[in-house]
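One structure below.
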Number of protein chains: 4
Amino acid sequence: MRRKESRPSELLDAALDLFIERGFNATRLNDVAQRAGVSKGTLYLYFANKEELFKSVIRKGMVPYLQRAEQLIDEYRGSSRDLIKQIIRGWWDSIGATRLGGIPKLVVAESGNFPELAKFYLEEVIHRGQGIFARALQRGIDSGEFRKMDVNYALRIVIAPVVLLLIWKHSLQPYERKALKVERYLETHLEILFDGIRSTEKKQ
Amino acid sequence: MRRKESRPSELLDAALDLFIERGFNATRLNDVAQRAGVSKGTLYLYFANKEELFKSVIRKGMVPYLQRAEQLIDEYRGSSRDLIKQIIRGWWDSIGATRLGGIPKLVVAESGNFPELAKFYLEEVIHRGQGIFARALQRGIDSGEFRKMDVNYALRIVIAPVVLLLIWKHSLQPYERKALKVERYLETHLEILFDGIRSTEKKQ
Amino acid sequence: MRRKESRPSELLDAALDLFIERGFNATRLNDVAQRAGVSKGTLYLYFANKEELFKSVIRKGMVPYLQRAEQLIDEYRGSSRDLIKQIIRGWWDSIGATRLGGIPKLVVAESGNFPELAKFYLEEVIHRGQGIFARALQRGIDSGEFRKMDVNYALRIVIAPVVLLLIWKHSLQPYERKALKVERYLETHLEILFDGIRSTEKKQ
Amino acid sequence: MRRKESRPSELLDAALDLFIERGFNATRLNDVAQRAGVSKGTLYLYFANKEELFKSVIRKGMVPYLQRAEQLIDEYRGSSRDLIKQIIRGWWDSIGATRLGGIPKLVVAESGNFPELAKFYLEEVIHRGQGIFARALQRGIDSGEFRKMDVNYALRIVIAPVVLLLIWKHSLQPYERKALKVERYLETHLEILFDGIRSTEKKQ
DNA sequence: TATGAATGAGGATTCATTCAT
DNA sequence: TATGAATGAATCCTCATTCAT
């Protein structure tokens, strides 16, 4: 079969599965090739080496969502509270609940071995994601919905439980007896959060 | 000739350093041995294989702190708010700011490859740590300091920012331009948290 | 679309360049194809495999000169000394100073891996070349110009410095600080040679 | 078996055999190890990689002879003609007729792939060897035995037939029907040579 | 004829583990 | 106990060759 265009995507798909399932080191290129239904050599037609394949997997996985989130925030008309809720829920639905949710853990695990990847991820994903939350928080402060705060630190507190949930799900959760109820987890987080950052100025 | 009793401890120390610095796979037993000042063969007198060494490193690292935290909570007499603050600050000071802080990231990264380790860590460290926060939160609810809530989920929200901070510090932080101010980060977290979970019943 | 007749020649040209530049093993068929402006597959339309291509390159390179040298000796009317001079100078000008000069080194280097090529080269090039010098020397002996000698050995002494010069030029010379003056080298060789083989019978 | 000291030498011996027999590329490290009676991994205890092994083989092979030749020339008391004869005959006996005789061809064949080796060989072997002949020739000129000549070029003519003989023996000779009589070859060379360079000044 | 995507055998290299000393 | 030389399984990567189009 000969299909140059669709190949890379198929290879990345197979690679994503295996990298998430086994990590970088334990993933055999042979297995990636087999899962994609091609031979080992074919991988090398599209990716210079294992490392480049890995980086491509990460790149392809995260960027699309960020674009959608940035668009949402540009167009949103409701309360900032609802905006943040929606971003987080959307995040979970399109990343967290899918295979892509394994990427953050993967990046964390391999950051030491791939400085270049770490930098790329930091700038193209983390900083960009932080920017989204910074804007959402600032929007709420400006509107009087949220109290004044150091946005750069507050945003980390907003994000942390969700990121850790992702990491958890792809590391220790599988060994846990009872499943975590994601819905309730996020709800608890958002409740505490919005109570914790609501504006107190005009409240009685 | 060194005392044989201290030998395993020296090996674990050297191994901890390297596992944290390079991860499990990239750590060469040769280097561990060298750093401990012994030969490669000697490692095998004390640990059956690399995997056992790794598990021992993790075991030794985390348990002592938990004991202290459990003791603190038994004896504490002040407000629950202060108790939680103290646990978190103590956690940071005795774990987060030391080499041991690298362990959570390490466990997360290798959990897929070491199911047994994952289970051990889950039960001996995570569950035990969660228990500490569960008790502290319940204490506050019982005393009317905190509002009623699902303690099992709330405790995760309490812990998440601190754990993620640890993971961050040992993964992507090193590639970040400007350092994160831990003090302010924790402060922001605690402020939002205590505002978010304070009891509203009797407040004016 | 190019004329099909010239295609093989273009391929051989490209191959010669690369074989001489990099040797047999280090020459990538991909590069040969690219340099000839065709695709890799096309090579296989004209040559069964890399080895056949290699042999064709060698064949094509050396044979034409030999024909000219044989013709020269048939027709020559001057002294044998001048004849030999002319053969050697012609050899250098039409082979040594061109890309073809790299062939002897190539054959020497790969002879162990290509017995068939070695045999071909031995018979079609070496023996034929030796025949030329044998005739030239015998001609001089017969005419009383040169002293009697074992022509089969003497011819090797005549040839050796020139062949080694070729090999040298394509192996270690490139790493040498100062260039060798070919003109003077050949001159020195011929001077010693003709003094060494001149007839002494009727002198003074 | 454990014998750190003698190991490298055994490995180099095995490697020399195979490199000469098959060339660099076609030599399998596996075979080298087997011939030396060790495992593949053991090779890497003593040589960083195949290239280093190759260079070590060359280094070890040639240097010892040069030292002996230099010593000979320092101490020699007879005629320059006999000195040169003795050097060449010694060269053949201790290098040419042994396994070591394959090294020049090897170096020539691989020079393009190993610039570093080429430079090393050029300086440590070729230049040093040329120096020996330069001194011997100059000695003869000074004593009036040889006529005046450009020593730097003449020495190459002296050496060429011997070097080419070595290369020949290890490349195309094996495919030749009848063996070359080395003795007569060298004799022929020396005869022509000494006749060609003898002093004519006072000779009657 | 011509293409170039796909193949897969083959080999260098690494390193956890063993074991004779 | 301690050593460190020796092992060899395991895997990434290359590239000549094939063949569907």
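Of the residues in residues 49-61 of chain D, D:N49, D:K50 come within less than 4.0 Å of DNA chain E through at least one heavy atom, sorted by number. Listed by residue number, the members of residues 24-34 of chain D with any heavy atom below 4.0 angstrom from DNA chain E are D:T27, D:R28, D:L29.
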Secondary structure string for DNA chain F (Watson-Crick or G-U under 3.5 angstrom, | for other-strand pairs): .||||||||||||||||||||
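Under 4.0 angstrom from either OP1 or OP2 of F:dA6 there lies at least one side-chain N or O belonging to D:Y46.
For C:Y44, whose side chain is taken as the heavy atoms from C-beta onward, the closest listed nucleotide among F:dT17, F:dA2, E:dT3 is F:dT17. Checking F:dT3, F:dA9, E:dT7 against every side-chain atom of A:T42, the shortest atom distance belongs to E:dT7. In this structure, the nucleotide among E:dT7, F:dA2, E:dT13 sitting nearest to the side chain of B:L45 is F:dA2.
Between the side chain of D:Y121 and the backbone N or O of D:S111 there is no donor-acceptor pair closer than 3.5 Å. With hydrogens and angles ignored, the 3.5 Å screen pairs no side-chain donor or acceptor of A:T42 with any backbone N or O of A:V38.
Smallest separation of non-hydrogen atoms from D:T27 and D:L18: OG1-O, 3.1 Å.
Contact of the C:F114 side chain with the C:E51 side chain is registered, since non-hydrogen atoms from C-beta on lie closer than 4.5 Å. Proximity of D:L172 to C:V107: side-chain heavy atoms (C-beta onward) are separated by under 4.5 Å at one or more points. When side chains are defined from C-beta on, D:L117 counts as touching D:F54, because their heavy atoms get closer than 4.5 Å. Residues B:N25 and A:N113 form no side-chain contact, since every pair of their non-hydrogen atoms from C-beta on lies 4.5 Å or further apart.
Ion pairing between A:D13 and A:K60 holds under the 4.0 Å rule for side-chain N and carboxylate O. Looking at A:R35 and A:E21, a side-chain N of the basic residue comes within less than 4.0 Å of a carboxylate O on the acidic one, giving a salt bridge.
For A:G37 and B:K40, each mapped to the nucleotide of DNA chain E holding its nearest heavy atom, the one lying further toward the 5' end belongs to A:G37. Nearer to the 5' terminus of DNA chain F, by closest-nucleotide assignment, is the contact made by D:L43 (compared with the other of C:G41 and D:L43).
Side-chain N/O atoms of A:E52 and A:N49 include no donor and acceptor closer than 3.5 Å.
A 6.0 Å sphere centred on CD of B:E116 holds no more than 12 heavy atoms belonging to other residues, nucleotides or ligands.
The CZ atom of B:F47 sits 16 Å away from the P atom of E:dA16 (whole-angstrom rounding).
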